[in-house]
Amino acid sequence: MKEIVVSCLGGAIERARASGQLKSNPAAIGIEAPKDPAHGDVASNVALTMARAEGKSPRAIAEIIKVASELPPEIAEISVAGPGFLNFRMTPAYWHAEMVRAMGEGARYFRPQKWELRPGGGDRVQVEFLSANPTGPVTVGHGRNAVLGDTIARMLEAAGFNVTREYYFNDGGRQMKLLGESVRARYLQDMGIDAPLPPDGYQGEYICDIARELRASRGDNLAEGENLELFRAAAVEAIFADINRTCDRLKIRFDRYFNELDLIKSGKVKEVLDALRKQNLSFERDGAVWLRGEPLKLPKDAVLVRSGPDREPTYRTPDIAYHIDKINRSFDLIIDVFGADHIAEHQEVIAAVKALGHDTSAIRAIIYQFVTLTRAGEKIKMSTRKATYVTLDELIDEVGADVVRFFFLFRKSDSQLDFDLELAKKQAPENPVFYVQYAHARLSSVFREAEKAGIDFAASGGRANLALLGEEEMALARRSLALRPVMTAAAEALEPHRISFFLLELAGEFHRYYNQPANRIIGTDRGLTVARLFLAGLIKTAIAAGLDLLGVTAPERM
RNA sequence: GCGCCCGUAGCUCAGCUGGAUAGAGCGCUGCCCUCCGAAGGCAGAGGUCAGGGGUUCGAAUCCCUUCGGGCGCGCCA
């Protein structure tokens, strides 16, 4: 549709220039979907943008373009409106053809349309998300990361890009040592030995579970000696299994798990440190190695390698090596999904990678704000170290995977997300998930009724006379078809919430239509019934396609 | 103090990358099933787009500034 209008406008401007009525050439022909349906199907503001160069009023320019345009068969009408907009209305035949095409292609029609990631083409995308270290069950906060990352991957995949989903983690290092010590303490306590939890140790109940399981499988002989490595490994294995189980419930999977330890073992971290030193971007102080903040335009210096006998790198050093590794794997787009608390660290990493001469232009950071849980209007306090947080599993248990996914995708990532448990559990219209799913279930029910009435929609579908549909019905059809450009815009902006909001609107429009007695889909007029079933099928397909992309089920009945 | 994000209806939030009369849900008020799913719909009230400057044909959107809130500023990740 856009293409048709742009080429129509382009031709008109060309002719107007040839005849001397216009002298300038617009930098771009802007096209938009008007908010108000009275303004047609597509609008363009070219006349407004040309006003300055032409020295004429926008309306006058719009008139010139209008007169000079030759309408293709798909465009019914072109008009000048408001301050100088050019509004286009497509012919019913055009819309009917789109409807037939959408029904023919099904969900495929609604997939985001592929665009160029880079000037030279290229379609390799990497999405790194979740990346929670295996120190405990994933929390509600991680949930937003997981669902956001997975859905962005889904959108890009649907658009036809080659997507790698990656989970970056660290199972060595300091926190892991602490984890092992915590399990050991619980193990001994389980045997009745008075062993204190290390200071800052992990207090969660899951540590006790792991200790008990270890005791069940290995008996009491681990009490002799330290065995810290064994405790740590057992904990990591159990926790990772747990994380993967939780992800499965949300239909989230990864193609690759990338271990920070491999970067250290392979010498890549050392290479980074050497390169930084060589370029005088690092220095030693207090026995530690620091990243120089000033030349990188960072607010302060940051530690790369800790002091002490172990010379352990901090988190950011391997992360620099990791990002260089990503760039070297020549992805055309690299997406990092992380919470607002990691912004500073990410800036340091990118600045260092850039300073080392790597092109960071393919990296896009998706930063999401925090999640708060509300129950009956009261905020639930969450602390990870104490066992007061709510795990993602518990959240799924309480409200279900569909609701968890939809709620996390019902805010733009820049906004803080208030997860209202009461609302989430309600199977009522004020709960957006159920509102949308209900529309799908209702539509499914219509087709069940049609079958009962002996109407074989599949056989007659291709012959539906769409000209029988009224204006309200065509508006509903156009709205359904609009899912496609919305999908594309959402994928391109990496903003899945646009799809959620669109689905809510589409569902609302359908409910409104459905509730009017005059709009009974199955009626006595066979031709009209078939046409309306065609429309119902279109809406149903659109809703299902949208929900599917969000990883939410589209139920046939509820 | 510095960096990032946010401030839109009583509440929770959209606003399609600068467009036409700023929207939705909840809540409030009053209505609608002889009817394919009332798990639904209709109507009404409700706004200084935090305040102030600027940019231009045009600003909730871009820039500056003030105020208010969140997050970070660790040899944790």
Side-chain angles (χ1 to χ4, degrees), chain A residues 30 32-36 38-39 43 45 47-49 51-52 57-58 81-85 87 131-133 135 169-170 173-175 178 200 260 286-290 298-300 302-308 312-316 319 339-347 367-370 372 374 377 410-418 420 423 426-432 434-435 437-439 441-450 452-453 482 485-486 489-490 492-493 495 497-498 500-502 504-505 508 511-517 519-523 529 532 536 557-558:
Chain A
E32 62 197 31
K35 276 180 257 174
D36 185 346
H39 296 146
N45 62 351
L48 290 105
T49 59
R52 166 162 280 219
S57 84
F85 286 102
N87 292 337
S131 295
N133 281 345
T135 59
F169 72 102
N170 169 17
R174 220 171 235 214
Q175 293 302 318
L178 196 57
D200 290 334
E260 177 191 296
D286 304 331
V289 180
W290 295 71
L298 294 170
K300 57 194 333 186
V303 174
L304 292 167
V305 180
R306 294 189 190 95
S307 60
E312 260 182 310
T314 59
Y315 173 83
R316 66 178 62 81
D319 207 10
D341 52 339
H342 282 55
I343 291 176
E345 193 265 346
H346 193 261
Q347 281 169 347
I367 303 159
Y368 60 89
Q369 298 294 319
F370 273 25
T372 51
T374 317
F410 200 54
R411 291 283 174 269
K412 66 180 171 209
S413 54
D414 281 339
S415 294
Q416 288 182 38
L417 193 155
D418 183 33
D420 184 340
L423 177 63
K426 256 188 215 162
Q427 311 230 342
E430 59 260 40
N431 182 340
F434 284 90
Y435 189 78
Q437 288 184 321
Y438 178 60
R442 246 186 172 179
L443 283 158
S444 305
S445 155
V446 168
F447 282 95
R448 284 194 293 271
E449 287 299 319
K452 271 189 225 159
V486 168
E492 206 161 353
E495 291 181 351
H497 76 275
R498 294 193 196 188
S500 328
F501 279 94
F502 177 86
L504 195 68
E505 280 170 28
H511 284 312
R512 253 188 300 285
Y513 167 79
Y514 183 89
N515 247 72
Q516 293 159 20
N519 294 335
R520 280 185 70 78
I521 293 168
I522 301 164
T529 298
R532 285 180 169 173
R557 51 183 96 222
M558 296 170 72

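Below, chain A is the first sequence line, B the second, and so on; all start at residue 1.
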Residue list, ring-ring contact (aromatic ring centres under 6.0 Å, His included) with [X], at least two apart or on another chain:
X: A:His39; result: none
X: A:Phe410; result: A:Phe406, A:Phe501
X: A:Tyr513; result: none
X: A:Phe447; result: A:Phe457

Map A:Ala51 and A:Ile343 onto RNA chain B by nearest heavy atom, then report which one ends up closer to the 5' terminus.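 Residue closer to the 5' terminus by nearest nucleotide: A:Ile343.
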
Toward the 5' end of RNA chain B, which comes first, A:Arg316 or A:Asp414, by nearest nucleotide?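 The residue mapped nearer the 5' terminus is A:Asp414.
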
Does a distance-only test, which skips hydrogens and angles, find a donor-acceptor pair under 3.5 Å between the side chain of A:Ser445 and the base of B:rC36?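 Looking at the base of B:rC36, it does not pair with any donor or acceptor on the side chain of A:Ser445 (distance under 3.5 Å).
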
Rounding to the closest angstrom, what is the interatomic distance between [N] and [M] at atom [atom1]?
N: B:rG44; M: B:rG23; atom1: P; answer: 13 Å
N: B:rC5; M: B:rG41; atom1: C1'; answer: 39 Å
N: B:rG18; M: B:rC36; atom1: C1'; answer: 46 Å
N: B:rU8; M: B:rA22; atom1: C1'; answer: 8 Å
N: B:rC11; M: B:rG46; atom1: C1'; answer: 12 Å
N: B:rG68; M: B:rC62; atom1: C1'; answer: 22 Å
N: B:rA9; M: B:rA14; atom1: P; answer: 12 Å
N: B:rC42; M: B:rA59; atom1: C1'; answer: 35 Å

Non-neighbouring partners of A:Arg306 that pass salt bridge (Lys or Arg N to Asp or Glu O under 4.0 Å), sequence neighbours left out: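 A:Glu312.
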
Can you tell me the distance, in whole Å, between the [atom1] atom of [X] and the [atom2] atom of [N]?
X: A:Asp319; N: B:rA77; atom1: CG; atom2: P; answer: 11 Å
X: A:Gln175; N: B:rC75; atom1: CD; atom2: C1'; answer: 13 Å
X: A:His346; N: B:rC5; atom1: NE2; atom2: C1'; answer: 16 Å
X: A:Tyr368; N: B:rG72; atom1: OH; atom2: P; answer: 13 Å
X: A:Asp341; N: B:rC73; atom1: CG; atom2: P; answer: 8 Å
X: A:Gln347; N: B:rC2; atom1: CD; atom2: C1'; answer: 12 Å
X: A:Gln416; N: B:rG69; atom1: CD; atom2: P; answer: 13 Å
X: A:Gln369; N: B:rG70; atom1: CD; atom2: C1'; answer: 7 Å

Where does B:rU17 fall, syn or anti, if syn means a chi angle no more than 90° from 0?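 Base orientation relative to the sugar is syn.
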
Set of residues satisfying side chain to side chain contact (heavy atoms under 4.5 Å, CB included) with respect to A:Val446, sequence neighbours excluded: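 A:Val446 satisfies side chain to side chain contact (heavy atoms under 4.5 Å, CB included) with A:Tyr514, A:Ile521, A:Ile522, A:Leu533 once adjacent residues are dropped.
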
Return the pairing partner of [N] with a 3.5 Å limit on both distances, Watson-Crick or G-U wobble; otherwise return none.
N: B:rC71; value: B:rG3
N: B:rG25; value: B:rC11
N: B:rA20; value: none
N: B:rG46; value: none

Can you tell me how far CG of A:Asp414 sits from CD of A:Glu495, rounded to the nearest 0.5 angstrom?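 Answer rounded to 0.5 Å: 7.5 Å.
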
Chi angles and distances behind the side chain to side chain contact (heavy atoms under 4.5 Å, CB included) call for A:Leu304, A:Arg316: CA-CA 7 Å; A:Leu304 292 167; A:Arg316 66 178 62 81; 4.2 Å; yes

Going by side-chain hydrogen bond (donor to acceptor under 3.5 Å, both in side chains), name the residues that satisfy it together with A:Glu492, two or more places apart in sequence or in a different chain.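 For A:Glu492, no residue satisfies side-chain hydrogen bond (donor to acceptor under 3.5 Å, both in side chains) once neighbours in sequence are set aside.
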
Base, backbone or nothing for each nucleotide of nucleotides 14-27 of chain B, written B, S, -, heavy atoms under 4.0 angstrom, 5' to 3'? SSBB-BB----SS-

Side chain of A:Lys300 (C-beta onward), nearest among B:rU12, B:rG74, B:rA77: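 Comparing B:rU12, B:rG74, B:rA77 against the side chain of A:Lys300, the answer is B:rG74.
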
Intermediate values then yes/no, side chain to side chain contact (heavy atoms under 4.5 Å, CB included), A:Phe370 and A:Leu417: CA-CA 6 Å; A:Phe370 273 25; A:Leu417 193 155; over 6 Å; no

Under 3.5 Å, which protein N or O atoms sit close to an N or O of nucleotides 43-46 of chain B? Give each pair with its distance.
none

Touch check for A:Ala441, heavy atoms < 4.0 angstrom, all strands: base, sugar-phosphate only, or nothing?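 The residue A:Ala441 makes base contact.
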
So, OP1 or OP2 of B:rG74: does either fall under 4.0 Å of a side-chain N or O from A:Arg306?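 No, A:Arg306 has no side-chain N/O under 4.0 Å of OP1/OP2 on B:rG74.
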
For a quick test of reading the model, state the closest non-hydrogen atom pair linking A:Ala51 to A:Pro58 and the distance between them.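 Smallest interatomic distance, heavy atoms only, reads CB-CG, 3.8 Å.
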
